[in-house]
Amino acid sequence: DAKTTQPNSMESNEEEPVHLPCNHSTISGTDYIHWYRQLPSQGPEYVIHGLTSNVNNRMASLAIAEDRKSSTLILHRATLRDAAVYYCITNTGNQFYFGTGTSLTVIP
Amino acid sequence: NAGVTQTPKFRILKIGQSMTLQCTQDMNHNYMYWYRQDPGMGLKLIYYSVGAGITDKGEVPNGYNVSRSTTEDFPLRLELAAPSQTSVYFCASSYLTGVNSPLHFGNGTRLTVT
């Protein structure tokens, strides 16, 4: 199984960019990298995913290292609503494996 | 669309009781999943289904059963509740295999077994 490693917690000031790192050194060539976030008392919410190239959507950007052993989720301007636990996950077939994620605190 | 709907939102069970956690989705997704989340932890996959009539075990299936008689519904059954099953349970669905298709989660069922 491809496992991921993330810092337990991070802080950011409101309206500043946030870079959330993730290591996935055992990822296989066909495994996608996915990011989800979980707000308090809610189910996880899809943020972004990618395979090799950097990806952008309305929520965030995903920068994937050339060797694919790490990636970074970029929130361009953190807001208070971005305070959540962010999960970097990879899949094995039909199964997604969630770690403990990074708890992001946004400081007003 | 309602998306993924889970019922009940909360439940307290006594040890040895049984119950069924309901999950239904209205997105015509083939793939459905059950996860559990213990306090301060990530999600662990209990069971998943790739279509009606097909189910398979995830990481932590012991003590649970599932069925998938329709595309919409994927109930999770606890036969003999134990304190170790105190957790928040999330149901999710996806259109394709999750590799290239986002998971859509419900808002969870918080279960306490005492």
Side-chain angles (χ1 to χ4, degrees), chain A residues 1-9 20 22-24 27-53 55 57-60 62 64 68 73 84-104, chain B residues 2-7 9-10 21 23 25 27 29-51 54-61 66 68 74 87-110:
Chain A
D1 303 344
K3 302 296 185 187
T4 63
T5 304
Q6 301 175 253
N8 287 333
S9 62
L20 297 166
C22 180
N23 288 319
H24 29 78
I27 194 171
S28 72
T30 56
D31 287 349
Y32 279 76
I33 300 150
H34 306 256
W35 284 82
Y36 284 75
R37 72 180 186 182
Q38 186 175 23
L39 279 66
S41 301
Q42 293 188 25
E45 172 190 32
Y46 169 79
V47 177
I48 201 167
H49 76 284
L51 183 62
T52 55
S53 304
V55 184
N57 66 22
R58 63 175 180 82
M59 290 181 71
L62 175 60
I64 301 172
R68 295 194 355 108
L73 178 71
V85 177
Y86 287 79
Y87 295 99
C88 165
I89 61 176
T90 59
N91 64 285
T92 298
N94 293 319
Q95 302 187 34
F96 285 76
Y97 293 94
F98 286 75
T100 53
T102 296
S103 178
L104 176 66
Chain B
V4 178
T5 302
Q6 292 184 240
T7 56
K9 288 183 167 49
F10 303 95
L21 283 67
C23 175
Q25 50 92 8
M27 297 172 283
H29 286 173
N30 284 323
Y31 295 81
M32 296 188 75
Y33 313 80
W34 274 106
Y35 286 88
R36 61 176 285 175
Q37 184 174 35
D38 298 332
M41 305 296 288
L43 283 72
K44 291 191 180 299
L45 182 65
I46 306 172
Y47 271 95
Y48 66 100
S49 169
V50 302
I54 305 169
T55 63
D56 210 344
K57 296 177 180 179
E59 293 178 89
V60 290
V66 292
R68 185 92 182 274
F74 189 40
S87 190
V88 180
Y89 292 83
F90 290 101
C91 178
S93 72
S94 64
Y95 177 60
L96 301 171
T97 175
V99 173
N100 200 21
S101 178
L103 295 172
H104 297 258
F105 283 85
N107 282 327
T109 294
R110 186 176 297 275

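Here is the naming used below: chain letters follow the sequence lines, and residue numbers restart at 1 for every chain. For the numbers below, each heavy atom of this structure counts, side chains included, while hydrogens, waters and symmetry mates do not.
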(message) For K9(B), which atoms come within 4.5 Å of any heavy atom of chain A: side chain, backbone, both, or neither?
(response) neither
(request) Check whether Q37(B) gets within reach of chain A through its side chain, its backbone, both or neither, counting any heavy atom under 4.5 Å. (result) side chain
(message) Which residues pass the side chain to side chain contact (heavy atoms under 4.5 Å, CB included) test with N107(B), not counting sequence neighbours?
(response) Q42(A)
(message) Counting heavy-atom pairs closer than 4.5 Å to chain A, which one of E59(B), R110(B), K44(B), Q6(B) comes out on top?
(response) E59(B)
(message) Could you check, using the six-membered ring where one of them is a Trp, whether Y36(A) and Y46(A) have ring centers closer than 6.0 angstrom?
(response) yes
(request) Evaluate the side-chain proximity of W35(A) to Y87(A): yes if any heavy-atom separation is below 4.5 Å, no if none is. (result) no
(message) So if I apply the side chain to side chain contact (heavy atoms under 4.5 Å, CB included) rule between I64(A) and each of I27(A), L51(A), I33(A), T52(A), which one comes out positive?
(response) I33(A)
